[in-house]
2 protein chains.
Amino acid sequence: MTNKKFDSYSYLLDRTARRVKGYAQQKFASGDFDVTVDQWLILKSLDNDKYLKQKELAEITGKDNPTLTRIIDLLCKKGLTERVTHKDDRRSFTVHLTAAGTTKLTELSPKVNEIRMKAWENLSEQDYEQLKTILNKIYQNLES
Amino acid sequence: MTNKKFDSYSYLLDRTARRVKGYAQQKFASGDFDVTVDQWLILKSLDNDKYLKQKELAEITGKDNPTLTRIIDLLCKKGLTERVTHKDDRRSFTVHLTAAGTTKLTELSPKVNEIRMKAWENLSEQDYEQLKTILNKIYQNLES
DNA sequence: TGCTAATAGTTAGTATGACAAATAAAAAAT
DNA sequence: ATTTTTTATTTGTCATACTAACTATTAGCA
């Protein structure tokens, strides 16, 4: 297995990930969803797991702390989330959905699922499993 | 094939692409490569195809024009590329490698290949072909 | 206890990415 | 030939990454 062959996977990955995000973002914008794709990811995580610390939220979503800080800033400014000082650790905040955040989530969920499905036309469940497996292996191979 | 099943592919794609890029970027930095991963992509494209117009370079690399302009700005500031006014079209520049750019390319190529291979440990050539096929199908499904 | 190290979060700087608008030049249309 | 449209590039803005530095707080340990 030569080096040459693997020249382009990083390029393919990058451009596909960008297109997937970009496609969703366009739909988000044209549908006046009023959140970005990354903000949506945070909202969904907070729905699964109420009252996460920012640190935990960062791990779950694969964002780093500075990025997360800014996304939370934006979500709070939009009134969709709130920061509450952690009772045991004054360094921490727990973040949770406001009523408006919950409403937004309920409203958008089906629309987002529909948007996400578009990418899988003409692809099988097996393709999905293979993609998942390969991506996870790559991810683990580069574990620091 | 339910919606639920496909919940996470966008997240997986995004985080894997980021890790691949981030891993390479770290190696680039610790090896004092003095270019970013995206800048490297441009250099490599210019090596394959001398004297590309920015527009063409953008298409080949999958960047949009503003992004490309800024990357070229940085590469020119580093002395690795040059802009030359296009002889037939004064709106355009052709971009090409300087001597320093060519040297950089020769120096770094084997190191970059080595870095890129790390992701493929425990993965087969078949995995690579599958990944390529699936990513390309997704890309086409979202074609605007 | 008191010093030191680790941790949570923020801020700042640089690079990238998407999109819109501006500018200048070329091509098309009348 | 002049006007209109298109095209190539640049600039501006906002959001996202990653790094490093900084603050406040907590934890670990002599």
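Proteins get letters first, then strands, A, B, ... in listed order; numbering begins at 1 in each.
In the displayed structure, A:K50 atom NZ is contacted under 6.0 Å by more than 12 heavy atoms of other residues, nucleotides or ligands. In this structure, A:K27 places its NZ atom where only 12 or fewer heavy-atom neighbours from other residues, nucleotides or ligands lie under 6.0 Å away.
Between A:F28 and A:F33, the ring-plane angle classifies as tilted under the 30° and 60° cut-offs.
Spacing between atom CG of B:L68 and atom C1' of C:dA15 amounts to 14 Å, rounded to whole angstrom units. Regarding B:D88, its CG atom lies at a distance of 13 Å from the C1' atom of C:dA25, rounded to whole Å. Residue A:D34 contributes atom CG, which lies 15 Å from atom P of D:dC14 at whole-angstrom precision. Between the CZ atom of B:F28 and the P atom of C:dT16 there is a distance of 12 Å, given to the nearest Å. For the pair A:N65 CG and C:dT7 C1', the interatomic distance rounds to 10 Å; values are reported in whole Å. The CG atom of B:L57 sits 14 Å away from the P atom of D:dA8 (whole-angstrom rounding). Across the protein-nucleic acid pair, A:K87 atom NZ and D:dT25 atom C1' stand 17 Å apart, rounded to whole Å. Regarding A:I72, its CD1 atom lies at a distance of 14 Å from the P atom of C:dT11, rounded to whole Å.
Residue pairs satisfying the salt bridge (charged side-chain N to carboxylate O under 4.0 Å, His left out) criterion with at least one member in residues 12-22 of chain B, sequence neighbours excluded, are listed as follows: A:D14-B:K21, A:K21-B:D14, A:E143-B:R19, B:D14-B:R18, B:K21-B:D38.
The minimum heavy-atom distance linking A:N141 with B:K118 is given by the pair O-CE, 3.4 Å.
Where A:T69 and B:R90 each meet DNA chain C at their nearest nucleotide, the meeting point lying more 5' is that of A:T69.
Under the 4.5 Å side-chain criterion, counting only non-hydrogen atoms from C-beta, A:L105 is not in contact with A:L80.
Residue A:Q54 has a polar side-chain atom (N or O) positioned under 4.0 Å from OP1 or OP2 of C:dT10. Put simply, B:S92 has a side-chain N or O that comes within less than 4.0 Å of OP1 or OP2 on D:dT9.
A continuous path of hydrophobic side-chain contacts links A:I138 to A:Y128 [ILVMFWY only; heavy atoms under 4.5 Å].
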Produce a footprint string for nucleotides 15-21 of chain D: one letter per nucleotide, 5' end first; B if the base is under 4.0 Å from any protein heavy atom, S if only the sugar-phosphate is, - if neither. SSBBBB-

Scan nucleotides 1-7 of chain D nucleotide by nucleotide, 5' to 3', and note B when protein non-hydrogen atoms come under 4.0 Å of the base, S if they reach only the sugar-phosphate, - if neither. ------B

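A salt bridge links B:E129 with B:K132; the closest basic N to acidic carboxylate O contact falls under 4.0 Å. Under 4.0 Å is where a charged nitrogen must lie from a carboxylate oxygen, and between A:D73 and A:R83 at least one such pair does.
Comparing atom distances between the B:K53 side chain and each of D:dA8, C:dT10, C:dA8 picks out D:dA8 as nearest.
No engagement by B:R15 is indicated, since no non-hydrogen atom pair under 4.0 Å with the nucleic acid exists.
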